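Heavy-atom basis, side chains included; hydrogens, waters and symmetry copies ignored. Every value quoted in this text rests on a predicted model; they were computed, and no experiment measured them.
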Amino acid sequence: MSKPNRKKDKTMSQLNSIAQLLEIKDSNISFFKVEDLRTTKNSVVYHFKVIHARLSYQLFRCPHCGFRSLIKNGTTLTKLRLPTLNGPMILMYLRKQRYFCKSCQTTCGANTPIVEKNHSLTRALNSAVFKLAKQSLTVVTIAKIVGISPSSVARILYHNFQRPQRVATLPEQLCFDEFKSVGRSYSFIAIDAESHNLISILDDRLSKNICAYFENRYSLDERSTVKSVVIDLNANYQLFIRRLFPNAEIIIDRFHVVQLINRAFDQLRVKILKQQGDKHSRIYKALKINWRLFHKDTEKINRSKTQYFRGLNEYMTQQNLIDLGLSTNSKLKYTYETAHQIQEAIKKQDSKKLRQVLTNYQKQQSPMDTSITTLKKNLKYVSNSCESSLSNGPIEGINRKIKALKRICYGFKNMDHFYARILLIVK
């Protein structure tokens, strides 16, 4: 009675464990051994782990003629690149079975699902490249991590990439905005205001190109189903939204309204600061050092508890400091009250009060006059922001991801490559 070959069984068990670790589930692949390989290129030593394996299975009919006349005809060696495991690069020397057809005198070979036909980079490695690209990493960084060349990473990410022509169904709620893309140009972006799914990205923000995009891809019946479009204070969008979406309500984003009036207040505040002769006065320090307090919500301002304010070197309440800063100029006080009345109306979604504040505003020969005039021209659309819960917050979040991608990757020269990377981080 022969003794069991425990050494052989142990070796096969280790090889099977390696297959499970690398998530190779093709049962037609049998493993033989694992060895270390070191090569030198341009005075740089590269360390590889080489897995030797064989791919073979029974093939009866010829894929060319269909006759049952195949015979085995040796093997061919294919060097496959596998994903690295935070260590040396991993290669698989896979010997694929070859077949010869005695009927049509042609040859064919065995194939495996772990790699595409006539490719050396496995599907798992391609998947690892896409996962790293979703983290907004550069092509060079991804290449160093997975152990392939930057050109191979670029080919995986951008090969056969085609921009989506249109979405299946145009959503009822849309958000429009723009972002700085390739070079100094700005690109147009549109998303679903509810699901936050990307609708389209255009190379520029010209009105004629935006109109051509939607008119050529969506019928009038499809565009008529859009109920609202959220935009910033860009007047160009208002000119063509009615043309493209006849039944849509235009909503001015609340954030941009608040930003507009706060900037007007800051412009007047800085102007008054420059007019102050004494840079060490209490009023100057109140307006300059503690400027954030003037933008704080009036309901959150502490009117009873005193605190120490650096710069002034005094104890007082927050309301006392605000009163001190506003006491120097009546225009500044009126502008401050107007700005907070508008913010309060928007916060409480009181369109009636918002209209009343804008209508009763008295011109002060200040930057706030221009801001109020802008809001009056868009009074209907600004009022819609109080009545609707939709905003441009989702699209601003996507724009921030796009800016981070562009900054980390040091910009893009090709808009198609930029579009491909945007789709990875947005999905």
Return yes when atom [atom1] of [X] has more than 12 non-hydrogen atoms of other residues, nucleotides or ligands closer than 6.0 Å, and no otherwise.
X: Q275; atom1: CD; answer: yes
X: K380; atom1: NZ; answer: no
X: K401; atom1: NZ; answer: no
X: K279; atom1: NZ; answer: yes
X: R223; atom1: CZ; answer: yes
X: K288; atom1: NZ; answer: no
X: K353; atom1: NZ; answer: yes

Nearest 0.5 angstrom please: [X] [atom1] to [Y] [atom2], how far?
X: S388; Y: I252; atom1: OG; atom2: CD1; answer: 12.0 Å
X: E172; Y: D192; atom1: CD; atom2: CG; answer: 9.5 Å
X: I342; Y: L358; atom1: CD1; atom2: CG; answer: 5.0 Å
X: S228; Y: Q173; atom1: OG; atom2: CD; answer: 3.5 Å
X: L273; Y: W291; atom1: CG; atom2: CH2; answer: 12.0 Å
X: K333; Y: T338; atom1: NZ; atom2: OG1; answer: 12.0 Å

Within 45° cone and under 6.0 Å: R163 NZ/CZ vs Y419 ring: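 No - R163 does not lie over the ring of Y419 by the 6.0 Å and 45° rule.
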Between the side chains of [Y] and [X], is the shortest nitrogen-to-carboxylate-oxygen separation below 4.0 Å, so that they form an ion pair?
X: E396; Y: R400; answer: no
X: D266; Y: R263; answer: no
X: E215; Y: R243; answer: yes
X: E314; Y: K285; answer: no
X: E299; Y: K347; answer: yes

Taking side chain as C-beta onward, heavy atoms only, is [X] less than 4.5 Å from [Y]?
X: P171; Y: I199; result: yes
X: I114; Y: R123; result: no
X: L239; Y: N236; result: yes
X: I189; Y: F179; result: yes
X: I241; Y: I231; result: yes
X: M368; Y: S371; result: yes
X: K376; Y: V382; result: no
X: L379; Y: R355; result: yes

From the options I283, I289, N290, select the one residue that forms a side-chain contact (heavy atoms from CB on, under 4.5 Å) with L287.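 The side-chain contact (heavy atoms from CB on, under 4.5 Å) with L287 is passed solely by I283 among I283, I289, N290.
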Run the side chain to side chain contact (heavy atoms under 4.5 Å, CB included) test on F309 and L293 for me, step by step, so that the C-alpha distance in whole Å, both residues' side-chain angles and the decisive distance to 0.1 Å come before the verdict. CA-CA 11 Å; F309 287 96; L293 194 58; 4.2 Å; yes
Under the 3.5 angstrom rule, does the side chain of [X] hit a backbone N or O of [Y] as a donor-acceptor pair?
X: N384; Y: I250; value: yes
X: S327; Y: L324; value: yes
X: Y218; Y: V167; value: yes
X: T225; Y: E222; value: yes
X: R61; Y: G66; value: yes
X: H256; Y: R254; value: no
X: S187; Y: L202; value: yes
X: R166; Y: R217; value: yes
X: S120; Y: L80; value: no
X: Y57; Y: Q97; value: no

Can we call the ring centroids of [X] and [Y] under 6.0 Å apart?
X: H52; Y: Y93; value: yes
X: Y361; Y: Y334; value: yes
X: H417; Y: Y158; value: yes

Specify the closest pair of heavy atoms between A133 and I425, including all atoms of both residues, with the distance to one decimal.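 That closest heavy-atom pairing would be O-CG2, 4.2 Å.
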Measure across T112 and I29 and return the closest heavy-atom pair with its distance rounded to 0.1 Å.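 Of all heavy-atom pairs spanning T112 and I29, the closest is OG1-CD1, 3.8 Å.
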Between [X] and [Y], do the side chains contain an N or O donor and an N or O acceptor separated by less than 3.5 Å?
X: D297; Y: H340; result: no
X: E387; Y: Q349; result: no
X: S351; Y: S383; result: no
X: D204; Y: N209; result: yes
X: S152; Y: S149; result: yes
X: N262; Y: Q343; result: yes
X: Q238; Y: N378; result: yes
X: D278; Y: S281; result: no
X: T141; Y: T138; result: yes
X: Y99; Y: Q58; result: no
X: N392; Y: D232; result: no
X: Q365; Y: D369; result: no
X: R303; Y: T317; result: no
X: N302; Y: Q318; result: no

Please assess N197 against S195 for the test side chain to side chain donor-acceptor pair (under 3.5 Å), listing each intermediate value before the final yes or no. CA-CA 5 Å; N197 292 329; S195 66; 3.1 Å; yes
Give me the ring orientation class for F245 and F176: parallel if the planes are under 30° apart, tilted from 30 to 60°, perpendicular past 60°.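 Plane angle between 30° and 60°, so tilted.
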Classify the angle between the aromatic ring planes of F265 and F294 as parallel (below 30°), tilted (30 to 60°) or perpendicular (above 60°).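 If you compare the ring of F265 with that of F294, the planes turn out tilted.
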Given side chain to side chain donor-acceptor pair (under 3.5 Å), test N313 with Y308 step by step and report yes or no. CA-CA 7 Å; N313 299 327; Y308 181 78; 2.9 Å; yes
